[in-house]
Structure formats: C-alpha cells, structure tokens
Amino acid sequence: MGSAHRIARRPPRCPRIAGPFSLSHRCVGTAGGMNILAELQERFRAALAELVDDPTELLAMVRKSSEPKFGDYQANFAMALGKRLKRPPRDVAAEIVQRLQIDDLCEPPEVAGPGFINLRLKTDWLAAAATRTLASQRLGVTPAKEPRTYVVDYSSPNVAKPMHVGHIRSSVIGDSLKRTLRFLGHKVIADNHIGDWGTQFGMIIYGYKHFLDEAAYRQNAVAELGRLYKFVSRLVSYREAVRSLPEMRNRLAERRDDAAHLASVAQERSDDKGAAKAARKAEAGAKEQAAALQSLEAGIAEVESDPVLSKAAAAHPDIEKQVLEETAKLHRGDAENVSLWKEFLPACLEDIQRIYRRLDVSFDVTLGESFYNDRLPGVVNALVQRDIARESDGAMCVFLDDHKTPLVIRKQDGAFLYGTTDLATVQYRMETWHPDAMLYVVDHRQSLHFEQFFAAARLWGYDDVEMVHVSFGTVLGEDGRPFKTRSGDTVGLEGLLDEAVRRAYEVVSENDDKKPGGAEIEPERRREIAEVVGIGALKYADLSVNRTSDYTFSYDRMLALNGNTATYMQYAYARVFGSFAKGDIDVQELRASGAAIDLSHPAERALAVGLLQFFEALEAAAAEYRPNLLTTYLFDVAGAFSIFFDQCPVLKAETEELRTSRLLLCDLTARTLKQGLDLLGIKVVDKM
RNA sequence: GCGCCUGUAGCUCAGGGGAUAGAGCAACGGUUUCCUAAACCGUAGGUCGCAGGUUCGAAUCCUGCCAGGCGUACCA
C-alpha cells in the first residue's frame, strides 16, 4: 500500500446531480451545429407536448437504432406512454407520428412491433448536412450555451519515485476528459495534485543523509534519489516485516485451528450447508494467511541474503522511526530538511515531466500536497468551530451519517492526513475558480475515502458543487496481483512506453517493407511514426474500456496494433492522406471549391451518418465522463470509412462530381478522426 | 462481520429497461491487374454466474444465493 499517491479515481452510476448534458441543458435546434439526436428530441418534445406535461423523461428513449433495418434512430416511449394513458401503444405511436413535424429530416416514420417509432433520415438531408459540416472548423460541434467550470484532478503521482503502469489510467482518462470538456466549450482547470510532501520524502531525506553516492548524485540526481527511495523503502519494509512476523505466525496458527475445527464440524453435520461453507471459508482464510506469511518471510530473506541491505538493516534498526522523524521535521519547517526538499523537488518534477511530454499529457496547474500545507490547521479549526469535527481517541474526526468510521483530519500526534489536504484543496479551488464541478480521476479502491471526504465537504458548506469520483478499476498483473514483472518490480512507465514504441516500430517497418511499390519511409520517419502509433495504442487500451472492474495488465493487450485500437483509426486517417497524395489533391482547394457531398452509395450514406454523430458522441462521453463512448464512436466511423474505401473508388470515381464528393467525404472523415483522436490525446500521422 | 464493485463467446472486453445479445483477438474459409491487405467479406462459437421477483418487455431493475476483487478511523 501507499505505493502510489493517488494512482487510482468513474462517476456514480446514478449521479445525484444531473450531468451537464442532461436533456435540459442540451442545445435546442441545430443552428450552426449538428446534433441529430438533440434535434430529433426537440421535434418529439413538440409532438408530445399535448400528451404529457413533461416529456423530458420520455425523450431519453429516443436513440440510435439498434439495427440498420430499423432505420437510423428510434423512439421507444410509445409502449410506456400507452400504459400510462391506458391506450394501445401502437395507437399512441400513430398519434405521435401524426403530430410529429419531421418531414424535412426524415422519411415518413414507421410504427413497428409493439409501438417502436423508426426514423430514417432523408439521404438528401444527410448530404446537405454533411456538406454544411465541411465548412465548420468545429465539425458541427457548437460550444455549450451554458459553459460550466470544471476542475479535473488526475494523474497525481507521488513525485518521489518513478511513475509506473498504475499511473497511466488516471493520467490518460483525466487528460481526455479535460480535452473533451474544453472542446465542448467549458472552462477546465486541469490540476495535478502531486504527492510532494509525504513519507516518501522522509525516506529520500533519510537516504540522502546516510546512503548517498555523491558521484552518482552529481551525474544523475533523479536516478540516485530513486535508488535512495527504493533502498530506504526496502529497509523500512524489512523492519515492518520483522516486527509483524510473530503476530503473523500467531494468526496463521489461529486460522489453521479455526479451519481444522470448522472442517470437523462440517464433517459431523454433512447436511449443513452453512457449516460446509464456513469450513471452506476458513480453509481459504488459512491459505491466504499462509501465503501472506510466506511472502513476508521471502521479503525478509531477500534482504538478509543481500550483504549490502542486511548490513544497512543491522546498522539502522530504528529506520522506521527515523524516517517518520525526518518527515515530521520537514513538516515542522526544519531548515535542513526544507532545504533538501527544495533541492530535490525540481529534479523530481522534471523527471515526471519527461513522461508527460512523451504521453502528451498536460496540466494547467500542479498544486501538490505541499501547496496546501499552510491551510491545514485552518481547515481543522473551521470544522471544529462549526461542530463538524470533534475529538475521538485523541484524533480529530468528522463523523458522518451512513458511515461507521469517521474521516480523520488530524492524527493523535497532531499530523494531518490526506483527507485534510483534500478539504483544503476544495476550499482553495472554490475560492480561486468557483467551479461547478470537480472531477477526481482516481482508482476505485479509494471510493470510500471520496464518499467520506465529499460528505465532509458538503457539511462544511460546499454543497452546491458537483463532486465526482471518476473511478476506474485497478491494473492487475497477469497473475491477478497488482502490476509486477516476473522479477517482482513494478513495471516502470518509461520502460512500458519504450516497449510500446519498439513493437510499433517493428510493425511500421514490416508494413512499409511490404507495400506494393516498395518501402517508402525513412528509418528516422519510421521512428517518429512508431512513437505516435505505440503511445497511441497504449493510451487507447486504457481509454477504450469502461468499468470499475479491475483489468489485467498485458503487454499484448496494451500494445495491440490490430482490431479496435488507435492504430485502426490512425491507419484510416493515413489512407485518406495516401490517396490525396496519389491524386495530387490540394485539400485547401478542395475545401474552397464549394462542391457538395452526394450520397448515392449505401457505404457513403452510412459513413455520412457516422460523421454527423460526432457531436452526440462527444456529449455522451462528457455527460458520463466516459472516454470509451468516444473510442467506440471513432471505431464505428473508421469501420464505416474502411467499408466505404473498399467499395467506393475515390480517385477513379465514375464522374468528376462523384470524385469530388468522395474526396470531400474523405476529408471530413480525416478531420473527424483527427479531432476525435486529439480529444483522446492521441496523435495521427499522414503516412504509416 | 459490514460496505462498494465485478461475473456476458476459448481470451480481452462493449452493451446497463426495448426488437434476433455485439466487437476485437484466437480458429476456419474467401477477396489484391484497382486510392496502404495495418483492410474488407464470410463460417463457427453464448442457458448474459444460479434461482426467484417486478414489467407489455430483463443481460440490464429488485431480492436471495454462488464465485472473485477491493475497502473497512489516525497510509495515500
């Protein structure tokens, strides 16, 4: 534990506070923009007005059709409404269709099955809408009419140690949410709440004072600090392990006794399912305990068999206390430790910045724990004064309804905790930016903490801001345990990036070599492409899955370059450029031509429908803070493009008009893919 | 013990009241004188953990059970 600062933060399935893009906020009409779904909903709103008081809830049942044969969109509310009005659903559907003014957009609606209303967009209308979108820099996405202010809190590594795979998800998801919300016209403050003030710095300081290799430090300060951190942390773990050993052994003995006892009970009462279950459980508990003990002993043996470590361990028997003392001195303002901290911090920050540059992840502010240090006593005082916090067992606590355990904001020894800092952070953000919402992109293991801290913040008076724990599952190793390599080290982020790029380089080269006209990409350019493809694949792997469930780390999955991956979209984009280059097309000229898109082929039509759904895909992704809704959309668009490109000759189209129309469709596809990938933080290349 | 989350194709995962449950990978078969075959098309593969319930309609909501993960006041 404590291996990361906040490696882990998804929105509640049913947010109590409506998301920013709930129906009532959706823009009305499509003036200048193109949100087909929103437009259809408005048409239905008018048609429903005389049947129900508030159609908003029903309008959520207008959606994309489940199958192409049911048209492009469908409305599913007639069945529910029929029930409510005590009328046959098909009659209700027929009446709504009667009232619905939609003939400018759609073919005559069809009532199907029990009362589904199926809508098929007019191909002429689609063509005109796609043509209009060509002229839109923002691809038909209009900025929010009521912009909100968001603070997005993501990545948040502990800067005293190298970043590892556990940090990717928060960084990548948070950065995508920032980009998407901002593109939709909201004000977004991206904040990297780094861990720069905790025990890890106590370890580095202690290590610096006792184990420093000065030459190494002069040569590469960050590497040496990393080594010191790891070294001290192993000694501390060793001490803790040794100390807990007797207890662990006792507990194992107890568990084994329990298991043996319950097993005999279960045997006596062979028809008692509860007893059998209890026995199984106890057996599992004993095994778990044995495994824990074994791993503890293995860790101890490892240190003791290493001459350097064992010698250091013997020489520093009270290292745990000493490390805590160094941390406490830092917090008290001890001149030497503060000066060391100031010396270490820039190097640590520069080190993580290198990774962010490569990942193309950025922040507007980096306000770590240390930034809030001065506010912490004030936070506690304010909460005490308002009777929100009270003392319990010597600690200052906020007791909450619905929670057995309180949120502790000051320890017995007077030290503050991360909950205190989190509250101070809320206070600062509210004073500084007055946000409408704060998003915490952190893994689900911290959900209890966020429930408690949000509740405490509301008690404190911050109850008109939406606070959302955008949580996600933990990255686990292939053995089901957190991200470790075979040798037991955590998988460093940098190594992972290198591996991703290395694999991408192989694939890029392989594919370039087998091009019909021979290889066309220089090695240096291949390397640049590999960087874009490799990093894109890595990010896409994290963005394309949803779920709070943990997922299993796998190089093959994260670095896959086939199927539903960023590579597929990048490839579609590159193909457009390839054909433009081959046809010697001047894109600026093409765009300026004022020519119109025509959709005579089914594959053209399907592609156009997809392209016109960009806006609604973005709104869906933003409303639920789920980038995977955007990846799914882009995969659909790229798929529609691949089919189109397969079936519809572009450069060799039958007529000049058709050729131009298809070139425009290609251009719009490329722009949509590029923009969409950009909102995921993924780049494109013209050739691959 | 209590709380939260998860269980969908061989694997990794979408879908989270709506019509015949999808994708990628893996398997098998097909498509290239033609804009990048990193593609496209097809075949095969599922009692959506189990059992009840609510509903016109349940993979989806509710209850119970089974299995797994995580968390459970002074780490972050």
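Heavy-atom basis, side chains included; hydrogens, waters and symmetry copies ignored. None of the values given here were measured: they were computed from a predicted structure.
Considering only side-chain N and O atoms, A/Asn511 lies under 4.0 angstrom from the phosphate OP1 or OP2 of B/rA38. Under 4.0 angstrom from either OP1 or OP2 of B/rA67 there lies at least one side-chain N or O belonging to A/Arg280. Phosphate proximity of B/rC34 to A/Lys582: absent, as no side-chain N or O sits under 4.0 Å from OP1 or OP2. Within the structure, every side-chain polar atom (N or O) of A/Arg575 is placed at least 4.0 Å from both OP1 and OP2 of B/rA39.
Pair assignment for B/rG22 gives B/rC13, based on Watson-Crick or G-U wobble hydrogen-bonding distances that are each under 3.5 Å. Using the Watson-Crick or G-U wobble rule with both distances under 3.5 Å, B/rA44 pairs with nothing in any strand shown. Look at B/rG7: its Watson-Crick or wobble partner, with both distances under 3.5 angstrom, is B/rC66. Using N1 to N3 plus N6-O4 or O6-N4 for Watson-Crick, or N1-O2 and O6-N3 for G-U wobble, each under 3.5 Å, B/rG57 pairs with nothing. Remark: B/rU33 base-pairs with no nucleotide; criterion is Watson-Crick or G-U wobble with both hydrogen-bond distances under 3.5 Å. Pairing for B/rU72 goes to B/rG1, judged as Watson-Crick or G-U wobble with the two contacts each under 3.5 Å.
A donor N or O paired with an acceptor N or O is found under 3.5 Å between the base of B/rA19 and the side-chain atoms of A/Asn118. For B/rA73, its base sits under 3.5 Å from the side chain of A/Ser392 at one donor and acceptor pair at least. In terms of polar N and O atoms assigned as donor or acceptor, the side chain of A/Tyr571 never comes within less than 3.5 Å of the base of B/rA38 in a complementary pairing. Applying the 3.5 Å distance criterion, the base of B/rA76 shares no donor-acceptor pair with the side chain of A/Glu369.
For the P atoms, the distance linking B/rC5 with B/rG17 amounts to 15 Å, nearest Å. Here the separation of B/rU60 from B/rU54, taken at their C1' atoms, is 13 Å to the nearest Å. The separation of B/rG29 from B/rG46, taken at their C1' atoms, amounts to 22 Å, rounded to a whole angstrom. The gap from the P atom of B/rU63 to that of B/rG10 amounts to 30 Å, rounded to the nearest Å. Nucleotides B/rU32 and B/rC41 place their P atoms 15 Å apart, quoted to the nearest Å. Look at the P atom in both B/rG69 and B/rC13: the space between them is 15 Å, to the nearest Å. On the C1' atoms, B/rA9 is 32 Å away from B/rG71, given to the nearest whole Å. Nucleotides B/rA21 and B/rC48 are separated by 8 Å at their C1' atoms, to the nearest Å.
A/Val507 comes within 4.0 angstrom of a base, heavy atoms only. Using a 4.0 Å heavy-atom cutoff across all strands shown, A/Ala112 reaches at least one base atom of the nucleic acid. At a threshold of 4.0 angstrom between heavy atoms, the contacts of A/Ser66 include nucleobase atoms, whether or not backbone atoms are also involved. No contact: A/Met396 has no heavy atom under 4.0 Å from any strand. Using a 4.0 Å heavy-atom distance criterion, A/Lys687 is classed as a base contact. Among the protein residues, A/Asn628 comes within range of the sugar-phosphate backbone only, with heavy atoms under 4.0 Å from sugar or phosphate atoms but none that close to a base. Contact annotation for A/Val545: backbone-only contact, meaning every heavy-atom pair under 4.0 Å involves sugar-phosphate atoms and none involves a base. Among the heavy atoms of the strands lying under 4.0 Å from A/Ala574 is at least one base atom, whether or not backbone atoms are also near. Counting non-hydrogen atoms under 4.0 angstrom, A/Gln647 reaches nothing in the nucleic acid.
Within the 3.5 Å criterion, the main-chain N or O of A/Ser155 finds no donor-acceptor partner in the side chain of A/Ser171.
The side chain of A/Cys397 lies closest to B/rA73, out of B/rU12, B/rC40, B/rA73. In the set B/rA38, B/rA76, B/rG18, the nucleotide with an atom closest to the side chain of A/Leu417 is B/rA76. Of the candidate nucleotides B/rG18, B/rU72, B/rA76, B/rG18 has the atom nearest to the side chain of A/Met61. Which of B/rC4, B/rA76, B/rU36 sits closest to the side chain of A/Met688 comes down to B/rU36.
For the pair A/Asn562 CG and B/rU36 P, the interatomic distance rounds to 19 Å; values are reported in whole Å. As rounded to whole Å, 18 Å separates atom P of B/rG3 from atom NE2 of A/His444. Atom pair A/Ile643:CD1 and B/rC40:C1' shows a separation of 8 Å (rounding to whole Å applied). Rounding to whole angstrom units, CZ of residue A/Phe635 and P of B/rG22 are separated by 15 Å. If you take CE of A/Met79 and P of B/rG57, they are 12 Å apart, rounded to a whole angstrom. Spacing between atom CG of A/Asp513 and atom C1' of B/rU36 amounts to 14 Å, rounded to whole angstrom units. Going from atom NZ of A/Lys404 over to atom P of B/rA73 covers 11 Å, rounded to whole Å. The CZ atom of A/Phe641 sits 11 Å away from the P atom of B/rA37 (whole-angstrom rounding).
Taking 4.0 Å as the cut-off between side-chain N and carboxylate O, A/Lys515 and A/Asp512 count as a salt-bridged pair. Between A/Asp258 and A/Arg251 there is no salt bridge, since no side-chain nitrogen of the basic residue lies less than 4.0 Å from a carboxylate oxygen of the acidic one. Between A/Arg410 and A/Glu391 there is no salt bridge, since no side-chain nitrogen of the basic residue lies less than 4.0 Å from a carboxylate oxygen of the acidic one. No salt bridge links A/Lys64 with A/Asp72; every basic N to acidic carboxylate O contact stays at or beyond 4.0 Å. Looking at A/Glu506 and A/Arg503, no side-chain N of the basic residue comes within less than 4.0 Å of a carboxylate O on the acidic one, giving no salt bridge.
Ranked by how close their nearest RNA chain B nucleotide is to the 5' end, A/Gly419 and A/Leu561 are led by A/Leu561. The nearest heavy atom of RNA chain B to A/Asn76 and to A/Ala504 marks one nucleotide each, and the one closer to the 5' end goes with A/Asn76.
Here the two rings, on A/His193 and A/Tyr372, have centers that are under 6.0 Å apart.
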(request) Go through the steps to decide whether A/Gln570 and A/Val533 satisfy the test side-chain contact (heavy atoms from CB on, under 4.5 Å), and finish with yes or no. (result) CA-CA 8 Å; A/Gln570 290 167 326; A/Val533 171; 3.9 Å; yes
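A cation-pi arrangement is found for A/Arg390 relative to A/Phe399, the charged atom lying closer than 6.0 Å to the ring centre and inside a 45° cone about the ring normal.
A/Phe70 has its side chain out of reach of A/Glu110: every pair of non-hydrogen atoms, C-beta onward, lies at least 4.5 Å apart.
With centres under 5.5 Å and a plane angle under 30°, the ring of A/Phe70 is stacked against the base of B/rA19. Residue ring and nucleobase are not stacked for A/Tyr568 and B/rA38 under a centre distance beneath 5.5 angstrom and an angle between planes beneath 30°.
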